[in-house]
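Report on the following structure.
Since this is a predicted model, take the numbers as computed values, not measurements.
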Amino acid sequence: MRHGEGRLTVLRPGTDGERVLDVPIADLLKVRLNRRADDAVVIEIYLRYPTAVLTGVPADRTPLPVLIAEHDVPTALGIVDRINDQIMATQRIDIAAPDLTPPAPEWGKSGPVRADVDRAVRRMAPRKDARSAINALHRYVTSDEYVLETAIAIASPPAGSGAGLLAATTDRLLFIGIGGDRYAHELPVPAILGARTVESHAAPGEVDTRHGGSGMDVSDGNRTLHFAGVDRADIERVTCAVNFAVRRQAADGAPGPADPGVTQLYSEWELLVERHSLGMVDDTQFQRYGRGILRSL
């Protein structure tokens with residue numbers, strides 16, 4: 001058995017290098033050292049995908065055993081540990097993300113001023129009556145979140161009613177009302193399934209110049225919040241920012257392909273039982289494949 005450069009290779013002994021197995025480490029589910037009933041020590045290699053073929057036979061979760069001499073057991077333990085560490089390393093996703101460290105606020109005449117809020121507001125189409133909402137946003141953002149994009153929008157219930165400042169941060173979607181009724185609405189990013197840009201809800205044949213012709217729908221799986229955009233480019237940037245925040249929380253540091261779950265293994269077990277009942281798998285194969293499925297739990 002050889003491993004290196006991200007691959008695991010098993011050669012048949014006594015042959016001219018005939019390969020029994022040659023797969024990348026990412027295709028392995030796990031490797032373990034086991035002592036069989038006949039007291040032989042083997043390295044059991046479990047493949048992640050049951051469709052993989054060993055010596056022309058479907059694996060069906062059955063481990064490939066590699067016989068180890070008794071005096072090689074300490075060395076084999078080290079090899080198994082290193083391979084399992086490599087398997088874990090291949091299952092991690094390396095996310096290349098921009099620096100989203102929240103900046104420290106600076107204090108001005110009207111209160112705290114955040115650099116990320118200023119940058120987002122400068123990208124937004126200017127509107128004089130939004131100044132109070134922008135000042136409020138400087139105070140509302142926490143030290144743990146980074147403001148991505150802002151836009152002026154018109155909210156529809158239950159997110160509020162009327163014009164306001166829409167802000168997408170790494171943790172929340174905020175809507176701060178503009179005008180006489182001062183209020184704010186927030187939706188945590190973990191509760192959001194996604195956002196999409198939609199065309200205006202104007203009646204057929206009517207040109208909705210007030211709302212800029214586009215808006216944003218945000219869904220939490222139970223209800224959809226609609227925000228009509230005043231400027232199309234601004235609302236599209238906020239939509240992209242919301243989806244970025246959702247993907248970031250879902251993927252940042254998450255593992256790669258998950259180990260087969262109970263449901264998947266049970267489906268494979270049902271298929272094995274059916275094949276056995278139809279005579280497609282004999283008793284010996286049924287026991288061997290069945291042990292492989294159970295050991296994957």
Please walk me through it: do Met88 and Lys30 pass side-chain contact (heavy atoms from CB on, under 4.5 Å)?
-> CA-CA 9 Å; Met88 180 62 70; Lys30 62 183 175 182; over 6 Å; no
Give the C-alpha distance, both sets of side-chain angles, the deciding distance and a yes or no for side-chain contact (heavy atoms from CB on, under 4.5 Å) between Phe286 and Val273. CA-CA 8 Å; Phe286 178 77; Val273 171; 4.1 Å; yes
side-chain contact (heavy atoms from CB on, under 4.5 Å) between Thr170 and Leu148, worked out
CA-CA 7 Å; Thr170 51; Leu148 300 169; 4.1 Å; yes
How far apart are the C-alpha atoms of Phe244 and Leu100, what are their side-chain angles, what is the distance that settles it, and do they pass the side-chain contact (heavy atoms from CB on, under 4.5 Å) test? CA-CA 12 Å; Phe244 168 78; Leu100 299 178; 3.8 Å; yes
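With Met1 as the fixed residue, the side-chain contact (heavy atoms from CB on, under 4.5 Å) test singles out one of Leu11, Leu67, Ile79: Ile79. When each of Leu173, Ile152, Thr150 is paired with Leu166, the side-chain contact (heavy atoms from CB on, under 4.5 Å) condition holds for Leu173 and for no other.
Of the possible polar contacts, none joining the Asp27 side chain to the Val23 backbone as a donor-acceptor pair under 3.5 Å is found. Without hydrogens or angle criteria, Arg196 side chain to Thr239 main chain gives no donor-acceptor distance under 3.5 Å. Counting only distance, with no hydrogens or angles, the side chain of Glu145 and the backbone of Thr142 share a donor-acceptor pair below 3.5 Å. No donor-acceptor pair under 3.5 Å is formed between the side chain of Asp231 and the backbone N or O of Met124.
The two residues Arg114 and Tyr146 have their closest heavy-atom pair at NH2-CA, 4.3 Å. Looking at every heavy atom in both residues, Ala195 comes nearest to Val242 through CB-CG1, 3.8 Å. Pairing each heavy atom of Ser214 with each of Thr197, the nearest pair is CB-CG2, 4.3 Å. What you find for Tyr183 and Ala159 is that their closest heavy atoms are CE1-O, 3.9 Å. The shortest non-hydrogen separation linking Gly177 to Ala133 is O-CB, 4.3 Å. Between Leu137 and Val117 the shortest heavy-atom distance is CD2-CG1, 3.8 Å.
Note on Leu28 and Leu77: same hydrophobic cluster, where clusters join Ile, Leu, Val, Met, Phe, Trp and Tyr whose side-chain heavy atoms are under 4.5 Å apart, directly or indirectly. When hydrophobic clusters are built by joining Ile, Leu, Val, Met, Phe, Trp and Tyr residues whose side-chain heavy atoms come closer than 4.5 Å, directly or via intermediates, Val10 is grouped together with Val73. Neither Val42 nor Leu33 shares a network with the other; the hydrophobic side chains, linked directly or stepwise wherever heavy atoms of I, L, V, M, F, W or Y lie under 4.5 Å apart, form separate groups for each.
Taking CE of Met216 as the reference point, atom CD of Glu236 lies at 11.5 Å (rounded to 0.5 Å). Of the inter-residue distances, the one linking Leu225 atom CG with Ser156 atom OG reads 9.5 Å to the nearest 0.5 angstrom. Rounding to the nearest 0.5 Å places CG of Asp118 at 4.5 Å from NE2 of His138. To the nearest 0.5 angstrom, Thr169 atom OG1 is 12.0 Å from Glu149 atom CD. Expressed to the nearest 0.5 Å, how far CZ of Phe175 lies from CG of Leu187 amounts to 13.5 Å. Atom CG of Leu174 sits about 8.5 Å away from atom CG of Leu165, to the nearest 0.5 Å.
Inter-residue side-chain proximity for Arg139 and Pro112 is flagged as met; some heavy-atom pair is nearer than 4.5 Å. Put simply, the side chain of Thr224 does not reach to within 4.5 Å of the side chain of Val218, judged on heavy atoms. Using a 4.5 Å heavy-atom threshold, the side chains of Trp107 and Val113 count as separate.
Between Arg119 and Asp116, no side-chain nitrogen of the basic residue sits less than 4.0 Å from a carboxylate oxygen of the acidic one, so the salt-bridge criterion is not met. The pair Arg223-Asp220 counts as a salt bridge, with a side-chain nitrogen and a carboxylate oxygen less than 4.0 angstrom apart. Ionic pairing of Asp39 and Arg35 is present here: one or more N-O contacts between side-chain nitrogen and carboxylate oxygen are shorter than 4.0 angstrom.
Applying the salt bridge (Lys or Arg N to Asp or Glu O under 4.0 Å) test to every pair with at least one member in residues 71-83, sequence neighbours left out, gives no pairs at all. Legend: salt bridge (Lys or Arg N to Asp or Glu O under 4.0 Å) pairs involving residues 150-161, not counting sequence neighbours: none detected.
Within a 6.0 Å sphere centred on CZ of Arg2, other residues, nucleotides and ligands contribute 12 heavy atoms or fewer.
A search for side-chain hydrogen bond (donor to acceptor under 3.5 Å, both in side chains) contacts involving Asp22 returns Arg7, Thr9, Arg19, not counting sequence neighbours.
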